[in-house]
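The structure appears right after this line, and notes come after that.
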Amino acid sequence: MATFDILVLPGDGIGPEVTAEGVRVLEAVGERFEHVFNFEQDLVGGAAIDALGTAILPETIEKASKADAVLFGAVGGPKWDNPNASVRPEQGLLALRSGLGLWANLRPVTAVPALIDASTLRPEVIEGVDLLVIRELTSGLYFGQPQERRVVDCRREAVDTNYYNEDEIARIAHLGFQTARGRRKKLTSVDKANVLASSRLWREVVVEVSRDYPDVELEHVLVDAMTMYLIRRPRDFDVIIADNMFGDIITDEASMLTGSMGMLPSASLGALGEDGLGLGMYEPIHGSAPDIAGTGVANPLAMILSAAMLLRHSCGLEDEARAVEQAVTDVIETGLRTADLAAPGEPTLDTRAMADAVLKRLGS
Ligand code: IPM
Ligand code: MG
């Protein structure tokens, strides 16, 4: 019987509602497969700002670093929206990524046949889409220094720095190639090498790393063209690697290929042990959705699928991960829908009822 310590950071908006369902699913997995999950909960984002005056406490990051995995809800909302405030909810998320060294963000996008009509794109374009974006998460424009606002000659100016070194690029490239090897053996590297020095280094290092993986087909695509190809021919992509900023942008776009953001999980990973496992942070990509927070109608499936990624990448429980994913596929194929997925007039389930349906298929 294995024991796992999970730090739960529900955050803001619908974060707490969906995180509660992720925890229930992990508890059910524990019961059915005889594992013990110990949960501890803490504050992050706006919730932490209100209670503590800061988006995350150093002690919380310390606790996270000692856990086997972090289950993260969402941060942000109109209450803390002032861009000039010195404390912002997002700082909690960025401090976790950087403090825990979670440099790779995996965002799988798979078209679910039963949901194809929920997409704004034509069915023939998105049928069969199965791609994985690996976004660099602890460098680039998000963390490069200087990052500041200043006044020079009585005029306001601001600067961000898109810093990358070769090691940061090489580890993402290796992960991209290795992951592609286990899939359809195609890697697309996204950059803006026609303009940016950081992108030219990115491309150079990716080409160097590619020599270790002659069996994987490599292509380079400029980020502006990529946004176009993603909606024109998304089936052509297998594994995609991108820097922090470009990865942020193209993953929101890619999420629309499935019909609803409410279905998409993510994993943020750092150094992995010899067994291929390591500390990871798992979160749905949909964000805090303040417009529906507190109404109990949020779709819990992205969080439940994030819990499946947690089982796979931090606990090494592949069968358990698949059981959760299969349960989600089954409820969707049976026609059960939360409001974000339902066609006009179709009956809908609330957050709790949708999670109950998954739990029932998990056999608990
Ligand atoms: C994401 C989000 C975050 C990011 C925000 C909330 C800081 O958009 O995880 O994609 O920009 O990385
Ligand atoms: Mg984003």
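As the structure lists them, so they are numbered: ligands from 1, and atoms in each ligand from 1.
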- prompt: Among protein heavy atoms, which lies nearest atom 1 (C) of ligand 1, and at what distance?
  reply: R107 NH2, 3.4 Å
task: Establish, for the pair R233 and Y229, whether the NZ or CZ atom is under 6.0 angstrom from the six-membered ring centre and no further than 45 degrees off its axis.
output: yes
- line: Counting heavy atoms under 4.0 Å, the part of Q91 that contacts ligand 1 is neither
message: Which residue and atom name correspond to the protein heavy atom nearest atom 2 (C) of ligand 1, and how close is it?
response: D248 OD1, 4.0 Å
field: Residue pair S139 / E168, side-chain donor-acceptor N/O under 3.5 Å
entry: yes
- line: Distance col, row L349:CG vs T351:OG1, nearest 0.5 angstrom, shows 10.0 Å
query: At a non-hydrogen distance cut-off of under 4.0 Å, which region of R97 contacts ligand 1 (side chain, backbone, both, or neither)?
result: side chain
query: Any N or O of E283 that comes nearer than 3.5 Å to an N or O of ligand 1?
result: no
query: Among protein heavy atoms, which lies nearest atom 7 (C) of ligand 1, and at what distance?
result: E90 CG, 3.7 Å
task: Check the pair R361 / D330 against salt bridge (Lys or Arg N to Asp or Glu O under 4.0 Å), numbers first and verdict last.
output: CA-CA 8 Å; R361 277 157 190 83; D330 289 350; 5.2 Å; no
query: Hey, which N, O or S atom on D248 ends up closest to the Mg ion (ligand 2)?
result: OD1
- prompt: Hey, any chance L96 and L272 share a hydrophobic cluster, counting ILVMFWY side chains that come within less than 4.5 Å of each other, even indirectly?
  reply: no
- prompt: Hey, does N38 have a side-chain heavy atom less than 4.5 Å from the side chain of I6?
  reply: no
- request: Look at atom 4 (C) of ligand 1 and say which protein heavy atom is nearest, naming residue and atom and giving the distance to 0.1 Å.
  value: Y142 OH, 3.5 Å
field: Contact flag D252/the Mg ion (ligand 2), N/O/S atoms, threshold under 2.8 Å
entry: no
Option from T19, V23, I14 for which side chain to side chain contact (heavy atoms under 4.5 Å, CB included) with M303 holds: T19
